[in-house]
Amino acid sequence: MKSISQERDIIIPEGVSVKVDARIVTVKGPRGELTKSIRHVNVEVTRASKDKLRVRVWHGARKHVACIRTVCSHIENMIKGVTKGFEYKMRFVYAHFPINANVSADKKLIEVRNFLGDKNTRRVQMLDGVTVDLTSNKDEIVLVGNDIQNVSQSAATIQQSVLVKNKDIRKFLDGIYVSEKGLLIKE
């Protein structure tokens, strides 16, 4: 059954400016600026008041109405990103051959060596706005950025680069796994 109009409001905190132009959302905050196009979703994004953004769907069926929450979540994640930032921690897991990792000077590239005793070096380039660094803890790296999609995709690319091939993955649990994810600035 179609509903005539469904809507959801997003509260914009102080110190953050949100601009919507032809369904391209730009969010500016203390940590930087993020831009995302939501033109592929047929929703109406308007400013309800000075500190509120309204996402509305007209004559939407169930799947179309579900897009409201998705768009709101994307915009809320952009607001969190420019105010607090996102942080993913990853741990090296190995049984025998210790995994070595080197981070480039600009913190945009990580090189993984000696995975399962393998001689080849796996190089993973970080996406835009994401930096990788070794932490003080042994066998741990941290990925930091404003865009949650770029941070999580970079973490997934690192994890996928060290997949165990041609062995029983129940026995060979070696790899680099996400151990913790959250906001960079905790409350």
| query | Can you check side chain to side chain donor-acceptor pair (under 3.5 Å) on Glu111 and Thr121, steps first, answer last? | reply | CA-CA 6 Å; Glu111 294 179 341; Thr121 303; over 6 Å; no
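- The CD1 atom of Ile185 sits 8.5 Å away from the NZ atom of Lys84 when rounded to the nearest 0.5 Å.
- A side-chain N or O of Tyr94 and one of Asp139 form a donor-acceptor pair less than 3.5 Å apart.
- The backbone N or O of Leu109 lies less than 3.5 Å from a partner atom in the side chain of Ser104, making a donor-acceptor pair.
- Enclosure of atom CG in Leu183 by more than 12 non-hydrogen atoms of other residues, nucleotides or ligands within 6.0 angstrom is indicated.
- Under a hydrophobic clustering in which Ile, Leu, Val, Met, Phe, Trp and Tyr are joined whenever their side-chain heavy atoms come within less than 4.5 Å, directly or via other members, Val164 and Val178 fall into the same cluster.
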Side-chain donor-acceptor contacts of residues 75-82 below 3.5 Å, not counting sequence neighbours, with atom names and distances?
from, atom 1, to, atom 2, distance (Å)
Asn77, ND2, Ser73, O, 3.4

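- Clustering ILVMFWY residues whenever any of their side-chain heavy atoms sit less than 4.5 angstrom apart, transitively, puts Val124 in the very cluster that holds Leu116.
- Cluster annotation: Val130 is not connected to Val27 through the hydrophobic network of ILVMFWY side chains, with a link wherever side-chain heavy atoms come within less than 4.5 Å.
- Sparse packing is recorded around CZ of Arg69, with 12 or fewer heavy atoms of other residues, nucleotides or ligands lying under 6.0 Å away.
- Note that CD1 of Ile176 and CD1 of Ile99 are 5.5 Å apart. Values are rounded to the nearest 0.5 Å.
- Atom NZ of Lys186 has more than 12 heavy atoms from other residues, nucleotides or ligands within 6.0 Å.
- The number of heavy-atom neighbours closer than 6.0 Å to CD1 of Ile4, taken from other residues, nucleotides and ligands shown, is 12 or below.
- Taking hydrophobic clusters as Ile, Leu, Val, Met, Phe, Trp and Tyr residues chained together by side-chain heavy-atom distances below 4.5 Å, Val142 does not share a cluster with Val151.
- Shown here is Asp128, whose CG atom has no more than 12 heavy atoms of other residues, nucleotides or ligands within 6.0 Å.
- Atom CD1 in Ile141 sits 13.5 Å away from atom OH in Tyr88 (nearest 0.5 Å).
- A side chain to side chain contact (heavy atoms under 4.5 Å, CB included) with Val18 holds for exactly one of Ile10, Asp51, Leu53, Val45; it is Leu53.
- Looking only at side-chain heavy atoms (C-beta outward), Thr46 and Arg56 stay at 4.5 Å or farther from each other.
- Residue pairs that meet the side-chain hydrogen bond (donor to acceptor under 3.5 Å, both in side chains) test with at least one member in residues 167-180, sequence neighbours left out, are Asp168-Arg170.
- Under a hydrophobic-cluster definition in which Ile, Leu, Val, Met, Phe, Trp and Tyr are linked whenever side-chain heavy atoms come within less than 4.5 Å, directly or via other members, Phe92 and Met126 are assigned to the same cluster.
- No more than 12 heavy atoms of other residues, nucleotides or ligands sit less than 6.0 Å from atom CD1 of Ile11.
- The side-chain hydrogen bond (donor to acceptor under 3.5 Å, both in side chains) contacts involving residues 15-40 comprise Arg31-Asn146, Lys36-Gln149, where partners must be two or more places apart or lie in separate chains.
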